[in-house]
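Values below: all heavy atoms of this structure, side chains included; hydrogens, waters and symmetry mates excluded. All values derive from a computational prediction rather than experimental measurement. In this chain, residues are counted from 1 in sequence order.
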Amino acid sequence: MKRNKGIKIKRNHKNLYRKRKSTGRKVAEVILLIVIVGGLVFLGYSVAPTVINFLDRQAVESQVESEPVWTPPVSESTPETTPKPESSQPPESSEPESPKESILYAPDGTLDSASTLKKYLDSVKGSCTKVVFTLKNEKGELTYKSSVKTASDINDINKGTLTLKQIADACKAANIIPAAAISTLLDSTAPHWLDNMSYYASAGWMWLDNYADRGGKPWANPMADITSEYLSSLTAEIAKAGFKDIMLQNTMYPAFRAYDYNLLPSNVRAADRSDRLAEVAAACAKSASGAQSYIEIDAADLLSAAVTDYDASAEIIQSIAKAGGCKLIVNIDASLFGKSIEISSGKKLTVDKNAAKAIKQLTAEIDKLTGENGTAVRLSGITDTAAAVKAAEDAGCTLVIAG
């Protein structure tokens, strides 16, 4: 029986996985590898900084939480050189700013008694820093009890009941600074009692500014030595008591008429007569050591001085350089608002009716005449004083007094 031969299997010992690759496949694989490597490199550069910063922050935070903060030792002998941290807040000034002054004129009758004075001071306490008291009115009466030898024994002059010390002490208790106002040459009382203070006609009788039966009155004469001596003794007494400002009002000549000049000595119409006004003011300021003296003039007199024969309170401006120790203050009264003033030949100033606008308008004209940038002003007769004061301050006035 013939044996069947098995199927012969041919074995191939070559590894199927090492089959030779074609050239195209090799090129494709190389390109793919380059793309993968490039992507990894790009991703590394993009992500690595973020990851590193995150890890750094984690390390710093961990260190801050675990380690105490080091502070440099303080040495008194070593100057401070450590830079100060920046702040959004503006640096504080080494010197505190002085509070802005708020000044009021006390109404007539405030000094009648201790109770009326206290009542007034209580009413303005906290709303002002300084109060101006009229210590010598236009009649020449002293509204305080003076100790000046010249006037202390004359009841018609020394009319006050409170001493300067009592007034100053009451102001101090209310945290208010006292200031004073005195009428200098408009004085119809002292000339009757103090020899040679008045104007005298060449015939020897006392001159009056009108007929006696029409209310005529004498004035203090700036050319008389007694006038400066008397007024200086008052300002010395006032300043010594602690009054920090003194307003010299009505430092002017009377409105002489043509026939008055024929009756009076020729010096009342001398070209340099304004110098005599300045000399009186300077004498008052010199005696008022420790206080600032102001010459108060009227705005209407000043603005119309160029075209009027009688300059009234503005005449002293011609010799203001000789009024040593004095500053100027201009009184703007509400009666000017809405009026027309002739300020030069052929030119008129129509003042606005609105107080704030009028004040701005008037201060601009006043500055031109005084040559000052921001004149000190007094605002009188105005109802809304707060708005008026603000308008004056906005106009650049250096000092504003209301009342």
Side-chain angles (χ1 to χ4, degrees), residues 97-106 111 124 128-137 142-144 146 148 164-165 167-169 171-172 174-185 222 228-252 277-299 302 313-314 316-317 319-332 363 366-367 370-380 389 392-393 395-403:
E97 291 186 5
S98 299
K100 185 177 289 186
E101 281 194 322
S102 175
I103 311 174
L104 299 177
Y105 254 85
L111 301 180
V124 299
C128 67
T129 58
K130 190 178 292 184
V131 169
V132 181
F133 298 95
T134 299
L135 299 183
K136 181 174 181 286
N137 60 29
L142 302 181
T143 60
Y144 69 99
S146 176
V148 169
L164 291 173
K165 185 180 185 305
I167 300 169
D169 287 346
C171 288
K172 185 177 181 180
N175 198 29
I176 290 173
I177 300 170
I182 66 169
S183 179
T184 56
L185 301 179
S228 291
E229 292 170 5
Y230 172 58
L231 295 174
S232 295
S233 65
L234 295 179
T235 56
E237 180 183 46
I238 293 167
K240 187 177 180 180
F243 288 70
K244 296 303 180 183
D245 298 294
I246 300 177
M247 311 296 161
L248 306 175
Q249 302 172 331
N250 303 310
T251 310
M252 60 186 185
L277 300 175
E279 288 165 3
V280 169
C284 290
K286 185 177 180 180
S287 296
S289 178
Q292 176 61 58
S293 295
Y294 290 86
I295 298 170
E296 184 177 313
I297 64 174
D298 190 77
L302 178 63
S313 62
I316 195 172
I317 288 287
S319 303
I320 197 67
K322 296 185 178 181
C326 294
K327 293 183 179 181
L328 190 67
I329 186 166
V330 181
N331 179 26
I332 298 176
T363 52
I366 290 168
D367 286 350
T370 61
E372 297 182 13
N373 184 18
T375 308
V377 297
R378 173 190 175 188
L379 307 174
S380 59
V389 169
E393 290 176 344
C397 294
T398 56
L399 179 75
V400 183
I401 303 177

Short side-chain to backbone donor-acceptor contact, R378 and G403, under 3.5 Å
yes
Output for pair (D298 CG, Q249 CD), nearest 0.5 Å, gives 10.5 Å
Less than 3.5 Å apart, any donor N or O on the side chain of N250 or S183 sitting next to an acceptor on the other?
yes
Take L104 and I401, measure what side chain to side chain contact (heavy atoms under 4.5 Å, CB included) needs, and give me the verdict at the end.
CA-CA 6 Å; L104 299 177; I401 303 177; over 6 Å; no
What are the two closest heavy atoms between L164 and A241, and how far apart are they?
CB-CB, 3.6 Å
State, yes or no, whether a side-chain contact exists between Q292 and K244 at a heavy-atom distance under 4.5 Å.
no
Side chain proximity check, I297 to I317, heavy atoms < 4.5 angstrom:
yes
Does atom NZ of K130 have more than 12 heavy-atom neighbours, drawn from other residues, nucleotides or ligands, at distances under 6.0 Å?
yes
Any chance you could measure I177, atom CD1, to K172, atom NZ, to the nearest 0.5 Å?
12.0 Å
With distance as the sole criterion, is a donor-acceptor pair present between the side chains of S380 and N331 under 3.5 Å?
yes
Return the CD1 to CE distance between I295 and M247, rounded to the nearest 0.5 Å.
12.0 Å
Please determine whether side chain to side chain contact (heavy atoms under 4.5 Å, CB included) holds for the pair D245 and V132, giving the CA-CA distance in whole Å, both sets of side-chain angles, and the decisive distance to 0.1 Å.
CA-CA 8 Å; D245 298 294; V132 181; over 6 Å; no
Pairs under 3.5 angstrom only: tabulate donor-acceptor contacts from the side chains of residues 281-290 to other protein residues two or more places apart or in another chain.
residue : atom : partner : partner atom : Å
S287    : OG   : A283    : O            : 3.3

So does Y230 get a backbone contact from the side chain of S233, meaning a donor-acceptor N/O pair under 3.5 Å?
yes
Would you please test E279 and K322 for salt bridge (Lys or Arg N to Asp or Glu O under 4.0 Å) and show each step?
CA-CA 7 Å; E279 288 165 3; K322 296 185 178 181; over 6 Å; no
Does any donor atom in the side chain of T129 or S102 lie under 3.5 Å from an acceptor atom in the other side chain?
no
Any side-chain heavy atom of L302 within less than 4.5 Å of one from T370?
yes
Note, C397 side chain near T363 side chain (heavy atom, < 4.5 Å)
yes
So NZ of K136 and CD1 of I238: to nearest 0.5 Å the spacing works out to 9.5 Å
Can you check whether I246's main-chain N or O pairs, donor with acceptor, with S293's side chain at less than 3.5 Å?
no
Quick one about S146 and E237 (side-chain donor to acceptor, distance below 3.5 Å, no hydrogens or angles considered), yes or no?
yes
Would Y144 and L234 count as a side chain to side chain contact (heavy atoms under 4.5 Å, CB included) here? Give the steps.
CA-CA 11 Å; Y144 69 99; L234 295 179; 3.6 Å; yes
Once you round to the nearest 0.5 Å, how far does CG of L277 lie from OG of S319?
7.5 Å
Nearest 0.5 Å please: distance from the OG1 atom of T235 over to the CG atom of L248.
7.5 Å
Does the side chain of L142 come within less than 4.5 Å of L135's, by heavy atoms?
no
Beyond-backbone contact of S313 with I316, side-chain heavy atoms, under 4.5 angstrom:
no
Take F133 and Y105, measure what side chain to side chain contact (heavy atoms under 4.5 Å, CB included) needs, and give me the verdict at the end.
CA-CA 6 Å; F133 298 95; Y105 254 85; over 6 Å; no
